[in-house]
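To start, the structure itself, in structure tokens.
Not measured: the values here are computed from a predicted model.
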Amino acid sequence: QVQLVESGGGLVQAGGSLRLSCAASGTKSAMGWFRQAPGKEREFVAAISWGGGSTAYADSVKGRFTISRDNAKNTVYLQMNSLKPEDTAVYYCAASRALTVVVSTRQYAYWGQGTQVTVSS
């Protein structure tokens, strides 16, 4: 049984930083972070391969967000720096069935419950 539990969300001022964590159990696969703002579709943010050697980012977060993982701790992280009000959303951790990086929501089989990130201007 796969379980994904996100933590680390909260309220931060523009320009600030947050680090999200995703504790994963029951899966060994590539992982991703997605986000969904009110009234918008869920969108890809970042992904990392099982081994951690390959990553991918949405253009909107490239250079500001960093995805990483610690397989010994079964945890995936999303370090978010230089946050903007438009980064406000519920952030979801997801596990794919592949070992390599994938970016489409349809390629992810398991999802966490989400954690709210709010960036004030």
Side-chain angles (χ1 to χ4, degrees):
Q1 182 179 356
V2 177
Q3 281 193 315
L4 304 175
V5 180
E6 302 100 333
S7 62
L11 174 64
V12 64
Q13 287 189 331
S17 298
L18 282 174
R19 188 176 82 156
L20 304 183
S21 298
C22 173
S25 61
T27 181
K28 291 184 177 182
S29 66
M31 301 287 291
W33 286 97
F34 292 76
R35 66 187 182 187
Q36 188 166 18
K40 294 188 177 181
E41 292 189 354
R42 191 170 298 189
E43 65 175 3
F44 169 75
V45 175
I48 189 166
S49 60
W50 160 244
S54 296
T55 57
Y57 296 92
D59 287 343
S60 59
V61 307
K62 207 171 288 184
R64 299 188 298 122
F65 291 11
T66 302
I67 189 171
S68 61
R69 67 188 302 160
D70 183 342
N71 287 345
K73 296 182 178 179
N74 296 320
T75 302
V76 178
Y77 305 97
L78 185 68
Q79 178 67 43
M80 306 185 294
N81 298 328
S82 301
L83 282 161
K84 305 175 181 180
E86 51 263 45
D87 294 319
T88 295
V90 177
Y91 282 70
Y92 296 91
C93 173
S96 76
R97 291 196 173 97
L99 298 178
T100 54
V101 167
V102 291
V103 302
S104 169
T105 55
R106 291 172 294 184
Q107 294 169 300
Y108 284 83
Y110 307 99
W111 296 82
Q113 82 288 351
T115 186
Q116 177 70 47
V117 171
T118 303
V119 184
S120 63
S121 56

Atom pairs and distances, side-chain donor-acceptor, residues 104-112, under 3.5 Å, sequence neighbours left out:
residue	atom	partner	partner atom	Å
Ser104	OG	Arg106	N	3.2
Gln107	OE1	Ser104	N	3.3
Tyr108	OH	Val102	O	2.6

Please list all pairs meeting disulfide (SG to SG under 2.5 Å) that have one or both residues in residues 23-77, counting only residues at least two apart or in different chains. none
If a pair satisfies ring-ring contact (aromatic ring centres under 6.0 Å, His included) and one of its residues is in residues 38-78, list it, with sequence neighbours excluded. Phe34-Phe44
Thr88 side chain vs Val119 backbone, donor-acceptor pair below 3.5 Å: yes
Just wondering, do Leu78 and Thr66 contact through their side chains at under 4.5 Å, heavy atoms? no
Residue pairs passing the disulfide (SG to SG under 2.5 Å) test with at least one member in residues 36-81, sequence neighbours excluded, are none
For residues 24-69, the disulfide (SG to SG under 2.5 Å) pairs (sequence neighbours left out) are none
Residue pairs, two or more places apart or on separate chains, that pass salt bridge (charged side-chain N to carboxylate O under 4.0 Å, His left out) and touch residues 65-82: none
Is there a path of hydrophobic side-chain contacts, each under 4.5 Å between heavy atoms of I/L/V/M/F/W/Y residues, joining Leu4 to Val117? yes
Only counting residues at least two apart or in another chain, list the ones meeting salt bridge (Lys or Arg N to Asp or Glu O under 4.0 Å) with Lys62. Asp59
Over all heavy atoms of both residues, which pair between Ser121 and Pro85 is shortest? Give the atoms and the distance, please. CB-CG, 3.8 Å
In the single-linkage hydrophobic clustering (I, L, V, M, F, W, Y; side-chain heavy atoms under 4.5 Å), do Met31 and Ile67 co-cluster? yes
How would you list, by chain and number, every residue that makes a side chain to side chain donor-acceptor pair (under 3.5 Å) with Ser120, sequence neighbours excluded? none
Same apolar cluster (I L V M F W Y, side chains within < 4.5 Å links), Tyr91/Val76: yes
In the single-linkage hydrophobic clustering (I, L, V, M, F, W, Y; side-chain heavy atoms under 4.5 Å), do Val101 and Leu99 co-cluster? no
Listing, residues 9-27 side-chain donor-acceptor contacts under 3.5 Å, not counting sequence neighbours, or none:
residue	atom	partner	partner atom	Å
Ser17	OG	Asn81	OD1	2.9
Thr27	OG1	Ser29	OG	3.1

Between the side chain of Glu6 and the main-chain N/O of Cys93, is any donor-acceptor distance below 3.5 Å? yes
By salt bridge (Lys or Arg N to Asp or Glu O under 4.0 Å), Glu43 pairs with (sequence neighbours left out) Arg35
Could I get the full list of salt bridge (Lys or Arg N to Asp or Glu O under 4.0 Å) partners for Arg64, not counting sequence neighbours? Asp87
Applying the 4.5 Å side-chain criterion to the ILVMFWY set and letting contacts propagate, would Val61 and Trp33 be lumped into a single cluster? yes
